[in-house]
Structures are given as C-alpha cells and as structure tokens.
Number of protein chains: 2
Amino acid sequence: MAHQILKALKDKGFRLTKVRKLIIEIFLSNSAAPISAVELKARLMAADADANKTTVYRELDFLSEQGIVVEVNAGDGKKRYELNRDGHHHHILCLRCSAVECVTVDNCTLQEELKRVDSKSFKITGHSLNFFGLCEECQ
Amino acid sequence: MAHQILKALKDKGFRLTKVRKLIIEIFLSNSAAPISAVELKARLMAADADANKTTVYRELDFLSEQGIVVEVNAGDGKKRYELNRDGHHHHILCLRCSAVECVTVDNCTLQEELKRVDSKSFKITGHSLNFFGLCEECQ
DNA sequence: ATTATATTGCAACGTGGTTGCATTTGTCAA
DNA sequence: TTGACAAATGCAACCACGTTGCAATATAAT
Ligand SMILES: [Mn+2]
Ligand SMILES: [Mn+2]
Ligand SMILES: [Zn+2]
Ligand SMILES: [Zn+2]
C-alpha cells in the first residue's frame, strides 16, 4: 500500500528519503486520529529517525500538496494531518486534552445546509464539522 | 442594552473600565462578524482609547468567562469573538482573505448526527460547523 | 564516479498569545 | 473628600507553532 504512494512520488521526480518513507509508513499505520507536526516528530524520533522540525513541517506541506495527507482543523491552535482516505467524515475533539477522533458519517446531510448558504455571495467549496466535548478520560 | 451587561458586571464586583465599556459597545454595534484581538485593538485605537495588547487579550478572556462574548473558531490561526447572542448559528469563511460571516440556521439538523456520535466514549457538549469557500471579492 | 537538484539542518525570524511584576485606576467606606 | 484595597493595566520578556534564507548533504540518473 505504501509502495503505490512511493512509486507515484518517484515517478513525479521526487526523492524517496528515509524520513519521507517513514512518515508515509506512520500515516498508513495510524488510521486512528489526525496528528500534529510535533507528534509526528516524536514518532520519528521513536523510530530512530530524528528529523529537524523544519523538515517535518516541510514534509507535511509537501504531502498535503501531493494529496497524500489532508489538513484537519481541530480548533486548537495547531494543524493536524491525516491520510487522505476518500470518504467524507467529521471529527470529535476533547476540550480538555485536545484528543481528536474521526467520525465516519453514512450520508452527510449538510449538502442541503450548503445550498441554503451558497445562495449568498460566498462560493462554498467544503465544510468542516467538529463536535466538542470531553473524552472518556477527561470526563 | 449595554447597561444591563455593565450592571451585571458591576454587581459581581468587577470594575467598569473605560476600555471595558468601549469594548462592550463595539461588540454591541458589530453584530456582523466575529472579530479578532488585533481587529478589536484597532477599533479601540480608532475610538481614541488605545489599549495595550495584553489588556485586549485579557479583556477578551474575561468577557468570554463572563459569557458576554463567545469564541468563534474560524480555522485560521487566530481566535475570534462575537457577542453571545442566543440562537444557534454557523459560519462561512473565505479561504483566501479569512473573512467570516455568520449564518443563521432555522432548525439545525445536527442533533441527530450528535446522537450517533454521543454513543461513543466522548461526551458531546457542542459542535461547530464551518463552511469554507471564497467570498465575493476573492472569487 | 560524476553530476544535477531535491532535500535537509541551522539559525534567525514572524505571528498570535501568555505571564510576572510593578504601577495605575475604579470603587467604596470612613 | 480622602484613603485604602483590589481590580485592571502596561511593559518586557517569554512561549508555541510555524516559516524562511542559505549553505551543506543526500538521492538517483548518467
Ligand atoms: Mn479524520
Ligand atoms: Mn457568528
Ligand atoms: Zn480528553
Ligand atoms: Zn475573501
């Protein structure tokens, strides 16, 4: 599964760095929750592949541009990223510890809401729905 | 309208500062869109009541705690605040210029969505729905 | 092995926001 | 009116998250 991603990148003339490959591995084995740059850096470190923070940020930007990961706005001040699986979904996040969880949604009813809004001057291209609350531990 | 807010604060033992009164005025006369700390500071300056940035941030925290304003997460890196009018609503925001607009919603269909989610470990207390797109000027 | 250039590390910078502490100001009671 | 006490303020320094310029390094094609 990683191989297709890697091959696609290589075919576009990008290099398959040690860190790049590892980051993709991390995202693939981490379907649970979106992670931040700091968390990713920590995971790299844990995998004996330390990388400079600048590199981590640049790599996240790169993978976003390449459509391999997507940015997830969790409402706290930090960007998070998750693998760009297809399938629309929403997120729940803890107001105390900022834990984030993905919520798959069978048929998103927000398209009608969108219609109501699109009539205005804004041209709507997407939406983000976050549920706030307290996770099990923080309750 | 401002008088009730001010009286309530005074009754709780808080002081009616020049800046505090002006900020409340600004929020009351600004039903349009949520504003950031920097924007608020600029408006104060324009009203001949310059205030230190620390004071502005502290006052926004204070008014949030007092339930007079509410934080609006617009997805760009900065907090915004709006008057805590009752009545649930959502927001649209421009991906280019970060303009934010409030969208009133007659009957928010998200309560069912919430049910589906609340069954999990998270205890949901609220949600935030943002529509992303391009405003008229930025299209 | 050589080469071209994609990637990296470092240090410095930027923005949004916070904190400790000394000073000022609002409020109330004498 | 005048103190006095606590709330609010200004300042400077700090913090987290993220970005940028540039020189050094690593990948991969020849
Ligand atoms: Mn997700
Ligand atoms: Mn609003
Ligand atoms: Zn939690
Ligand atoms: Zn715009």
Side-chain angles (χ1 to χ4, degrees), chain A residues 3 5-24 34-45 47-66 68-69 71-81 93 97-98 100, chain B residues 3 5-24 34-45 47-66 68-69 71-81 93 97-98 100:
Chain A
H3 290 72
I5 295 176
L6 294 176
K7 183 171 185 309
L9 286 180
K10 192 163 195 173
D11 288 350
K12 289 195 211 171
F14 300 111
R15 295 178 183 174
L16 303 187
T17 306
K18 191 173 23 172
V19 172
R20 178 164 293 166
K21 286 186 281 189
L22 190 44
I23 288 179
I24 290 172
I35 62 177
S36 68
V38 176
E39 286 164 350
L40 178 55
K41 189 172 188 315
R43 295 213 190 188
L44 287 170
M45 192 118 64
D48 279 327
D50 203 0
N52 184 272
K53 86 175 181 177
T54 309
T55 302
V56 174
Y57 282 109
R58 280 198 277 231
E59 198 61 24
L60 285 170
D61 285 346
F62 171 78
L63 294 176
S64 285
E65 281 165 17
Q66 298 303 315
I68 293 166
V69 301
E71 218 175 294
V72 171
N73 162 31
D76 58 345
K78 53 195 88 162
K79 294 182 187 172
R80 290 161 190 274
Y81 300 84
L93 49 115
C97 74
S98 293
V100 185
Chain B
H3 289 72
I5 296 176
L6 295 176
K7 184 170 184 311
L9 286 179
K10 193 164 196 174
D11 288 351
K12 288 195 211 171
F14 299 112
R15 296 180 182 170
L16 303 187
T17 306
K18 195 173 20 175
V19 173
R20 178 164 293 165
K21 287 186 281 190
L22 190 46
I23 289 179
I24 290 171
I35 62 177
S36 68
V38 177
E39 286 163 350
L40 178 55
K41 189 172 187 317
R43 294 211 190 187
L44 287 171
M45 192 118 66
D48 278 328
D50 203 0
N52 185 273
K53 88 174 178 177
T54 309
T55 302
V56 174
Y57 283 110
R58 282 199 275 231
E59 198 62 25
L60 285 170
D61 285 346
F62 171 78
L63 294 176
S64 284
E65 281 165 16
Q66 297 304 314
I68 294 165
V69 301
E71 219 176 291
V72 172
N73 163 30
D76 59 343
K78 54 195 88 162
K79 295 182 187 171
R80 290 161 190 273
Y81 299 83
L93 49 116
C97 73
S98 292
V100 185

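Letters A, B, ... mirror the listed sequences (proteins, then strands); counts begin at 1.
Taking for each of B:K18 and B:Y57 the nucleotide of DNA chain C with the nearest heavy atom, the 5'-most of the two is the partner of B:Y57. In terms of position on DNA chain D, the residue among B:R15 and B:V19 whose nearest nucleotide sits closer to the 5' end is B:R15. Both B:K79 and A:V56 lie near DNA chain C, and the one whose nearest nucleotide falls closer to the 5' end is A:V56.
Counting heavy atoms from C-beta outward, B:F62 and B:T55 have side chains that stay 4.5 Å or more apart. Side-chain contact between B:V100 and B:D76 is absent, with no heavy-atom pair separated by less than 4.5 Å. A 4.5 Å side-chain heavy-atom check between A:K79 and A:L60 finds every atom pair outside the cut-off. In this structure, the side chains of B:I35 and B:R43 come closer than 4.5 Å at one or more pairs of heavy atoms.
The base of D:dG10 is paired with the side chain of B:R58 by a donor and an acceptor separated by under 3.5 Å. Side-chain atoms of B:R20 stay outside donor-acceptor range of the base of C:dG26, with no qualifying N/O pair under 3.5 Å.
When heavy atoms are screened at a 4.0 angstrom cut-off, B:K53 is found touching base atoms of the nucleic acid. B:T17 comes within 4.0 angstrom of the backbone, heavy atoms only, and of no base. Among the heavy atoms of the strands, none lies under 4.0 Å from B:F62.
A close approach under 4.0 Å does not occur between any side-chain nitrogen or oxygen of B:T55 and OP1 or OP2 of D:dA8.
Of the candidates C:dT8, D:dT19, D:dG18, D:dT19 carries the atom nearest the A:T54 side chain, counting heavy atoms from C-beta on. Of the candidates C:dG16, C:dT18, D:dA29, D:dA29 carries the atom nearest the A:K10 side chain, counting heavy atoms from C-beta on. Residue A:N52 has its side chain nearest to C:dC10 when only C:dC10, D:dC17, D:dC11 are considered.
Residue A:L60 contributes atom CG, which lies 11 Å from atom C1' of D:dG18 at whole-angstrom precision. Between the CD atom of A:E59 and the C1' atom of C:dA6 there is a distance of 11 Å, rounded to whole Å. Counting to the nearest Å, the P atom of D:dG10 and the CG atom of B:L44 are 10 Å from each other. The interatomic distance linking A:K21 (NZ) with D:dA28 (C1') rounds to 12 Å, in whole Å. One atom, NZ of A:K78, and another, C1' of C:dG17, lie 13 Å apart when rounded to the nearest Å. We find that CG of B:L22 is positioned 14 Å from P of C:dG26, with the value rounded to whole Å.
Of the possible donor and acceptor atoms, one in the side chain of B:K41 sits under 3.5 Å from a partner among the backbone N and O of B:A51.
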